[in-house]
Amino acid sequence: MSLKDPSKFLIADSLDTFPEELKGGIVAIGNFDGVHRGHRAVLGAALGLGHGTHHPVFAMSFEPHPRTVFNPAKPVSRLTPPQQKLDLLKVCGLDGALILPFTKEFAGIEANAFVQEILIDTLGISHAVTGYDFHFGRARQGTPDYLRNAGANHGFGVTIVQREEDEGAEVISSTRVRDSLRRGDIVQANALLGYRWFFEKSVQHGDKRGRDLGYPTANLNLGEDTPLQRGIYAVKVNTGGKWYEGVASYGRRPTFDNGATLFEVHLFDFTGDLYGETLRVHLIAYLRGEEKFDSVEALVSQMDRDSEEARAALASMQPLSDIDMKLLDLAH
């Protein structure tokens, strides 16, 4: 079985579509939003257990975030929506991944039913790997200790991975990544992730003002709950299987209309029409905050400087990890 067989990486409506080839495998269980370095410690432990064995190694995750389900008025900002989460799990070297719907009904499953009906009867696991803070079942009664005891009773192995800390001895978490992005601290956000944070959006029509300024842009609507500081960024962009470098502005264009918040990307050395195309945008560096200028001429002069700074940041870019290298196609 290919490690990157796309048919084994699923956003599923139910466990009915669970691939037969993954049964009896080693499962890493978690929300995995961001697939950051802490999550990859869990995935790495599962891969280590599977090395040299016939057991497939796969991940099981859930969407949306539990806090969003129980408090929909305050949804949790997602670092990696389902498809992007799958893309990340693929480059981690897993044999497969399953993203299941998280609902109030699912949350109400008794912990013993989760073990028996899902882990044993459906997945037929040989080993479960989770993080130290993973809970499951009604009222979060399925603790790490509960899972250990269940494994001992039912004949499957259990590994609980302890917290992963950064170089400053602080725990790595999705919350810290979101907070870093909101502050514009792209260096820290990317360091916690171990790769350059990215998103995928379709290009929409704008007012074409950038073209008149000599900086045509592709306009992307990220949504109101995107955890990102307004300002200017150096970016690397993939569209149609090709990579481009560029500079981007995220904000409301205060020099002009102070309108809806958009992410506007100017690609260097690109000519063509991107309307309707999907862009995958990786944030390489945060250059400055959003500003209002007294004249269009002053704005264009600053855009020239921003472009020079973005090119310099992109030219000095080094891969943060093997995953970063694969995502950005830096190996080629």
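Residues Thr143 and His135 have side chains that never bring a donor and an acceptor to within less than 3.5 angstrom of each other. For the 3.5 Å distance criterion, the side chains of Tyr275 and Asn219 fail to qualify, holding no donor opposite an acceptor.
Phe70 meets the side-chain contact (heavy atoms from CB on, under 4.5 Å) test with Phe102, Lys104, Ala107; sequence neighbours excluded. With sequence neighbours left out, the salt bridge (charged side-chain N to carboxylate O under 4.0 Å, His left out) criterion links Asp133 to no other residue. Considering only residues two or more places apart in sequence or on other chains, His154 meets the side-chain contact (heavy atoms from CB on, under 4.5 Å) condition with Val115, Gln116, Ile120, Ala150, Phe156. By the side chain to side chain donor-acceptor pair (under 3.5 Å) test, Arg311 is found to be paired with no residue, residues two or more places apart in sequence or in another chain being considered. Asn153 is linked by a side chain to side chain donor-acceptor pair (under 3.5 Å) to nothing, counting only residues two or more places apart in sequence or in another chain. Remark: Ala285 pairs with Ala234, Leu287, Ala313 by the side-chain contact (heavy atoms from CB on, under 4.5 Å) rule, at least two apart or across chains. Residues meeting the salt bridge (charged side-chain N to carboxylate O under 4.0 Å, His left out) test with Glu117, sequence neighbours left out: none. The salt bridge (charged side-chain N to carboxylate O under 4.0 Å, His left out) check on Arg178 picks up Asp33, with sequence neighbours excluded. Qualifying side chain to side chain donor-acceptor pair (under 3.5 Å) partners for Glu245, counting only residues two or more places apart in sequence or in other chains: none. Not counting sequence neighbours, the partners of Glu164 by the side-chain contact (heavy atoms from CB on, under 4.5 Å) test are Ala41, Ile172. By the salt bridge (charged side-chain N to carboxylate O under 4.0 Å, His left out) test, Asp185 pairs with Arg183, sequence neighbours left out.
Both the sub-6.0 Å distance and the 45° axial angle are satisfied by Arg280 relative to the ring of Phe198.
Among pairs with a residue in residues 45-64, those fulfilling side-chain hydrogen bond (donor to acceptor under 3.5 Å, both in side chains) read Ser61-Lys85, Glu63-Arg78, Glu63-Lys85, at least two apart in sequence or across chains.
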